[in-house]
Amino acid sequence: MLRIEGRIVNHDADFQGSLEIDTGTGLILNVGPSTGHSDVDTTGCIIFPGFGDLHVHAREDVTGLQNYKEDFTTLATAAIHGGVTHVADMPNNVVAPVDDARYSAKEHLTTASPVHITLYGGIGPGTTPLARHVPYKAFMGPSVGDLFFASQEQLKKAIANYRGQNVSFHCEDPEILNAHRGAATHEARRPAAAEMTATEFALHLIEKYELVGKLCHYSTRDGLKKVIAAKKRGVNVTCEVTPHHLFFDDSMLTEDNRLWLQMNPPLRSPEDRLEMIAALQRGDIDYIATDHAPHTIAEKLQGVSGVPHLDTYGAFATWLMAEHNFTPQEIARVCAHNPGKWVREFLSSGNGNGYGNGYGSIAPGYLGSLTIIDLTKPYKVTRETILTKCGWSPFEGFTFPGCVRHTVLRGKVYTR
Ligand SMILES: [Zn+2]
């Protein structure tokens, strides 16, 4: 039995108390008043339900060809450092998980990871749903790998096979990207209009085929208006935002950082960035999902898109609290509760039972996975402190106001 006391914060509660985790089952047994005994030092800390990142690229697949960037073991190490207790991994692998056999083969690679990994199935031209209930990802614009569509018509034909399924969309219209491919900068080659058009089309598909829809790494304020309007009329859609679209904008780009801060979709305007922060706080954006993309330093210098984030997930949450007045309950909502709700339906369809009520709340019957954040100890990000295999961070040199003190995975405590 593991007993932890301190300030406990759920999306709907903030109190001094204690909790007990059965270290055999990994589930929370009791939550109650303080008793004066804690197995873990939580002085100056907030005890959150375990954070979940619904958008990572671990890069490992059955070929192992991209294990030089990251694998499921190094991904878990970086996740624990960042206070992330479960992740969902994208399917754009060399051997993409687009059918039952390939999905199971990839899932087999994840079993040694102490951090729970949910796998997305891929949707590409001509694919059909798996026998298992899994989430899917559709890439609209060109990305890493072969899983993308050249046109809206081609995408629509594929999505018609997935009626009623859980589908996440990368919203950048391939035809608009193609029309801008000669522009001077990465940002100009992938304009906001591409996200706007792709958003309208994704919302149309979600409505028409009754999907459980999610829009990935949202970045533009005009597109977001469409998402908010769709939610209002009852479309079943939720929305992610990345730390980089909340922290950086195109006014901060210099010749020195331009390659490091290249990703898809690209950095947007300061107005877009501030609206993403406000929308996340209001609840119009549902999740902080990182799009963790562990490209090597050599690849970044050659212009590969994407940035790694898992190491800094929890520290980033302290920046939102200190800089943008997010309450701890708001952090619990976007980092733990909403990701927990999203992943719940997939937990028991995979590696069997034992997940109880899953992730997202500190309450009896939920998993004893916690993110314990120290608000009194700043974290200066340096290359030496980063555990992702790719070995760098877009936040190098920046000091976050707080850090992750302990990450608890099903009753097992990891302290750094
Ligand atoms: Zn991604």
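Counting starts at 1 for both ligands and their atoms, in listed order.
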Please find out if the Zn ion (ligand 1) and some N, O or S atom of His217 are separated by less than 2.8 Å.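 Looking at His217, which is the residue asked about, there is no N, O or S atom under 2.8 Å from the Zn ion (ligand 1).
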Hey, which of His244, His81, His292, His217 is the one that makes ring pair (Phe, Tyr, Trp, His ring centres under 6.0 Å) with His309?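 Single ring pair (Phe, Tyr, Trp, His ring centres under 6.0 Å) partner of His309 among His244, His81, His292, His217: His244.
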Looking only at N, O or S atoms, which one in [X] sits nearest to the Zn ion (ligand 1)?
| X | answer |
| --- | --- |
| Asp291 | OD1 |
| His55 | NE2 |
| His57 | NE2 |

Does either side chain, that of His116 or that of Tyr359, offer a donor lying less than 3.5 Å from an acceptor on the other one? no
Would you please classify the geometry between the Phe51 ring and the Tyr313 ring as parallel, tilted or perpendicular, with 30° and 60° separating the classes?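 Tyr313 vs Phe51 ring planes: tilted.
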Can you classify the ring geometry of Phe400 versus Phe395 as parallel (below 30°), tilted (30 to 60°) or perpendicular (above 60°)?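 Judged by the thresholds at 30° and 60°, the geometry between Phe400 and Phe395 is perpendicular.
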